[in-house]
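Step one of this worksheet: look at the structure below.
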There are 2 protein chains.
Amino acid sequence: NRIKATGIACTNNVAKITVRGVPDRPGVAAALFEPLAQSGISVDTIVQNTSEDRTTDISFTVSGTDLPAALSKVEELSTEMGTCELSSEANLAAVSVVGSGMQHTPGYASRMFRVLADGNVNIDMITTSEIRISCIIREEQAQEAVKLLHRGFQLDEPNP
Amino acid sequence: NRIKATGIACTNNVAKITVRGVPDRPGVAAALFEPLAQSGISVDTIVQNTSEDRTTDISFTVSGTDLPAALSKVEELSTEMGTCELSSEANLAAVSVVGSGMQHTPGYASRMFRVLADGNVNIDMITTSEIRISCIIREEQAQEAVKLLHRGFQLDEPNP
Ligand SMILES: C[C@@H](O)[C@H](N)C(=O)O
Ligand SMILES: C[C@@H](O)[C@H](N)C(=O)O
């Protein structure tokens with residue numbers, strides 16, 4: 001059993017904003033994120049899946065504290081973004097399995113998903129990189145998720 | 001002008017598979033990725049945005065060479081995955097701006113998106129982490145995108 005990761009990370013007080021139905025053409029992502037950057041809002045994670053019918057959704061996370069400012073910034077933009085809907089949700093958490101070389105070793109991501117599934121933790125968004133598999137989940141389930149992931153990946157839990 | 005990144009990475013011969021309309025409940029992501037892992041297919045990036053009407057889409061990338069095997073594996077699963085559609089696309093590339101501490105420094109992502117937009121490079125999918133902003137684009141635009149990104153982030157291009 002060679003599946004191995006080096007740690008579990010968790011960020012609480014996460015909020016997400018989803019801009020739905022943006023036109024899938026060059027310039028749209030820039031038009032959304034330039035004003036946010038200019039107003040100094042720290043965007044954690046950006047997720048965009050592939051388009052259908054020439055539109056797609058772009059989500060991003062910010063700290064819960066920054067949600068009102070980020071929302072009001074994005075609301076100003078919705079004319080440039082075409083006919084899109086805005087939705088948001090707070091009280092989320094980002095849990096990640098951190099390791100190295102995971103991208104080319106089948107099994108890390110599926111193990112994370114299985115551990116969360118068995119704990120009845122729903123996965124709201126997924127992003128991955130070579131060294132990190134990140135899932136957005138409900139904040140109220142984060143503590144339990146972290147415990148289950150430590151166990152599932154055979155990692156010692158840090159001392160409380 | 002403090003925007004700074006340490007490198008541009010690019011992977012060619014990328015293919016994506018999108019499973020659309022999967023039920024958004026625990027166990028679905030595990031059900032999709034466990035069989036892929038068991039058949040030894042190396043999944044690069046996984047992208048899932050937030051659901052609408054209790055369903056969402058899950059995309060993942062594999063090398064172009066692994067696309068047929070991955071597709072046939074996912075087709076077998078579509079009964080477990082509920083009523084969902086499968087789509088795929090080859091001849092893609094993953095371009096990334098690599099750095100450190102980018103997640104909390106506004107401006108890196110928006111600069112990457114602006115550089116691509118100005119080069120008329122459409123962004124198909126986006127995932128980010130603390131150290132990497134990754135965009136899936138058409139492979140035929142990758143070489144140009146890498147050049148533009150080196151310029152946009154004031155990085156020396158490696159010798160040809
Ligand atoms: C949707 C958005 O990413 C668009 N495709 C762009 O390139 O900006
Ligand atoms: C869609 C999929 O991610 C589902 N929410 C799960 O937890 O498995």
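Proteins get letters first, then strands, A, B, ... in listed order; numbering begins at 1 in each. None of the values given here were measured: they were computed from a predicted structure.
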Is [X] in contact with chain A via its backbone, its side chain, both, or neither, using a 4.5 Å heavy-atom distance?
X: B:E52; result: both
X: B:V121; result: backbone
X: B:T56; result: neither

**OP:** Could you check A:I58 against A:F33 for side chain to side chain contact (heavy atoms under 4.5 Å, CB included), going step by step and ending with a plain yes or no?
**Re:** CA-CA 10 Å; A:I58 304 178; A:F33 289 100; 3.8 Å; yes

**OP:** Specify which of B:T18, B:I126, B:D118 makes the most heavy-atom pairs with chain A at under 4.5 Å.
**Re:**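 Top option by heavy-atom pairs under 4.5 Å: B:I126.
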
Subject >> chain A contacts, top residue of B:S87, B:A109, B:A117 (heavy-atom pairs, under 4.5 Å) >> reply: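 Top option by heavy-atom pairs under 4.5 Å: B:A117.
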
Subject >> NZ/NE/NH1/NH2 to OD/OE distance under 4.0 Å, B:R138 and B:E144 >> reply: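 So B:R138 does not pair with B:E144 through a salt bridge.
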
**OP:** Give a yes or no on whether a salt bridge exists between B:D24 and B:R54, defined as a side-chain N under 4.0 angstrom from a carboxylate O.
**Re:**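 No, no charged N to carboxylate O under 4.0 Å.
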
Original post:
Heavy atoms, side chains only, cut-off 4.5 Å: are A:C135 and A:M112 in contact?
Top reply: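 Touching, per the 4.5 Å side-chain cut-off.
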
Original post:
Hey, does A:N49 have a side-chain heavy atom less than 4.5 Å from the side chain of B:M125?
Top reply: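 SC-SC contact between B:M125 and A:N49 confirmed.
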
Subject >> Pick from A:T127, A:L36, A:I46, A:I136 with the largest number of heavy-atom pairs that fall under 4.5 Å of chain B >> reply: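 Top count of heavy-atom pairs under 4.5 Å with chain B: A:I46.
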
